[in-house]
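Report on the structure given below.
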Protein chains: 2
Amino acid sequence: MAVTIRDVARQAQVSVSTVSRALSAPGLVKETTRQRVLEIVARLGYQPNRAARSLITGRTGNLGIVVPDLLNPFFPSVLRGVQTRAGEAGTSVFFCDSREDADTEAELVRTMAAQVDGVVLCASLLSDETIVDLAALTPLVLINRIVPGVSSVLMDSANGMDQMVTHLESLGHKNYVYLGGPAAAWSNNRRMQGLADRAHLLGSFDPNFNGGYKAAEQALKTGATAFIAYNDLMALGALAHLAANNVKVPDEISVTGFDDILYATMCSPALTTVHMPTETAGEAAVDLLATLLDGGPAEHRELPTTLVPRSSTAPPPQA
Amino acid sequence: MAVTIRDVARQAQVSVSTVSRALSAPGLVKETTRQRVLEIVARLGYQPNRAARSLITGRTGNLGIVVPDLLNPFFPSVLRGVQTRAGEAGTSVFFCDSREDADTEAELVRTMAAQVDGVVLCASLLSDETIVDLAALTPLVLINRIVPGVSSVLMDSANGMDQMVTHLESLGHKNYVYLGGPAAAWSNNRRMQGLADRAHLLGSFDPNFNGGYKAAEQALKTGATAFIAYNDLMALGALAHLAANNVKVPDEISVTGFDDILYATMCSPALTTVHMPTETAGEAAVDLLATLLDGGPAEHRELPTTLVPRSSTAPPPQA
DNA sequence: ATGAAAGCGCTAACAA
DNA sequence: TTGTTAGCGCTTTCAT
């Protein structure tokens, strides 16, 4: 078996409680004793048993995050932010991919709830009611979703959509079409709202490359001069479909996305999109979770998004 | 506080041990008793406290995985495989991103070791010795790395490289250059070996888009007609650099990658690359870990890779 | 400032 | 087949 607190206590010639205090309540032990204990701890390579500790404290020192699709670079990027901030606090991170399925998502949160101090839920597909239920089960922070009474971090897509529309209209586009993501995705609805009734609304498609590919096929029939995709992955799919059909982007049709994933700069033409502060959002989510764990109130944090014009948008062709 | 095993025992009019057995050793209790217990469990929504359980069993029911770069789609894809297989076994997964730093990597494994039953280490940058040390600390499975005595899953890049070279030579290329990844990366050396002395070797570059961009700059000076990048991300960077310099791919220069990440099909021209069975590798790693946990021996599993010819390779220009 | 002792919720001998 | 009991390693009163 590994080295326990008793081993340390024996070697340091103190009681186990003193060792415990030296480690987690430094103020309560004489400095010299503390030094001696710490030395032995280092020498023996003692690491407190987390199970034993959490059995008493009720805290696990872990946090969970569930995302809909790990293969969409948007989410790994959020994960990084979460890991960074959690790591600073000595917290470990469980992850789960719900594969864009609402039932799976709820199930995963419930499973996680049993072994973490709180969970971060990204781009949830669940109903408000279910989310409220879940929030009663475990401290919960949402990313890109708003539910009254539940903490959340929002990367403001409505505003991003405004910037996008302004951009397209300033280029002279009048007839554009929205390639919609999952109907249950809050951001999707939010983005549609930002569009009001100024665009054809197509949907709902899988929020990935294939979804965008299919969406573009339909979008072509609308005669629109600009395609606004729900996210970059869909935009990339649309780009592929247009290329396959010899439609020139941006000369004949402009294409835009959301998220500003790494590949938005790599594709050709480079994608005009709305940048999302994903890592910051991940960090903020951990902060809000910490507040919750300290007994603080549910909070809401809004992060700004920025339009990044690249080469996939241009004035529409002359009629 | 949550509902405990005692609550269940009281309601079911049995002892706690019977409840415990009903849940984890069904064969040892009378069927009718078991039913009664299960019913109460369901009614009260009882969930065993994992901390208490693992305090006794010494098992956490968790597993960890550390990858060098979550932003390289190759790794999320492995993660998915790991999650899938682990989920089937009721095991939760911790993840960590070492950001391509060896020290961080070792540190993360050590930290994880304290709270998981085993860890999966992807594309490790550590020395053989360090890995052996780590393996002594916790059950360890490597992905894309071989260290004697340590379990591993290998996606065979040497063979992939063979296929690649054969492909290029059959197209007529004689003068090609390898854009190398991290010197400490085992796969990188493995791929270089596959190349023997048949190519210029450039390196080492960051195994990402920017690294590839820079590598291409140097590679251009070699006069080679084909660039073989360490991975797809680098190949994508190389593509970008060539496009920026009006070098036509594949007419003037052929470019290839490794991994077959999603974006290898999305870029233009679509990338000729070597497909890696990433999800399968993740699953296999979990299986090997399970073997280890059951007291089994270290094992080695090799997974085949396949060349996927796309549009980024063609015969070299006529001299 | 330190120690003794209780007990967190559970599993695993050992008894019956 | 079931119950009793002794801890797993730690934190935390309560004494001293």
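Reminder, nothing fancy here: chain letters follow the sequence lines and each chain counts from 1.
When each of A:T280, A:D287, A:I143 is tested with A:R301 by the rule side-chain contact (heavy atoms from CB on, under 4.5 Å), just one qualifies, namely A:D287.
Note: CZ (B:R50) to P (C:dT11) measures 12 Å, nearest angstrom. Separating the CZ atom of B:R6 from the P atom of D:dT4 is a distance of 11 Å, rounded to the nearest angstrom. Atom CG in B:N49 sits roughly 13 Å away from atom C1' in D:dC8 (whole-Å rounding).
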Quiz prompt | Full working for side chain to side chain donor-acceptor pair (under 3.5 Å) between A:S15 and A:T18 | solution = CA-CA 5 Å; A:S15 71; A:T18 301; 3.2 Å; yes
Quiz prompt | A:L154 vs A:W186, side-chain contact (heavy atoms from CB on, under 4.5 Å): CA-CA, chis, key distance, verdict | solution = CA-CA 11 Å; A:L154 199 65; A:W186 191 87; 3.3 Å; yes
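In plain terms, the two heavy atoms of A:S151 and A:L292 that are nearest each other are OG-CD1, 3.6 Å.
Between B:F95 and A:F95, the angle of the ring planes goes over 60°, which puts this pair in the perpendicular group of the 30/60° scheme.
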Exercise. Report, as a single string ordered 5' to 3', how protein heavy atoms within less than 4.0 Å touch nucleotides 11-16 of chain D: B base, S sugar-phosphate only, - not at all.
Key: BBB---
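Against DNA chain D, the stretch residues 25-42 of chain B makes heavy-atom approaches under 4.0 Å through B:L28, B:V29, B:K30, B:T33.
There is no side-chain donor-acceptor pair under 3.5 Å between B:E279 and B:T84.
Sorted by first then second residue, the salt bridge (Lys or Arg N to Asp or Glu O under 4.0 Å) pairs that include residues 6-25 of chain A, not counting sequence neighbours, are A:D7-A:R10. Listed by first and then second residue, the salt bridge (Lys or Arg N to Asp or Glu O under 4.0 Å) pairs involving residues 61-76 of chain A are A:D69-B:R80 (not counting sequence neighbours). Among residues at least two apart or in separate chains, there is no salt bridge (Lys or Arg N to Asp or Glu O under 4.0 Å) pair with a member in residues 131-142 of chain B.
Look at B:T18 and you'll find a side-chain N or O under 4.0 angstrom from OP1 or OP2 of D:dG3.
Salt bridge A:E39/A:R36: absent, no basic N to carboxylate O contact under 4.0 Å.
The overall bend of the helix from C:dA1-D:dT16 to C:dA16-D:dT1, read as the angle between its terminal helix axes built from five base pairs each, is 30° when rounded to 10 degrees.
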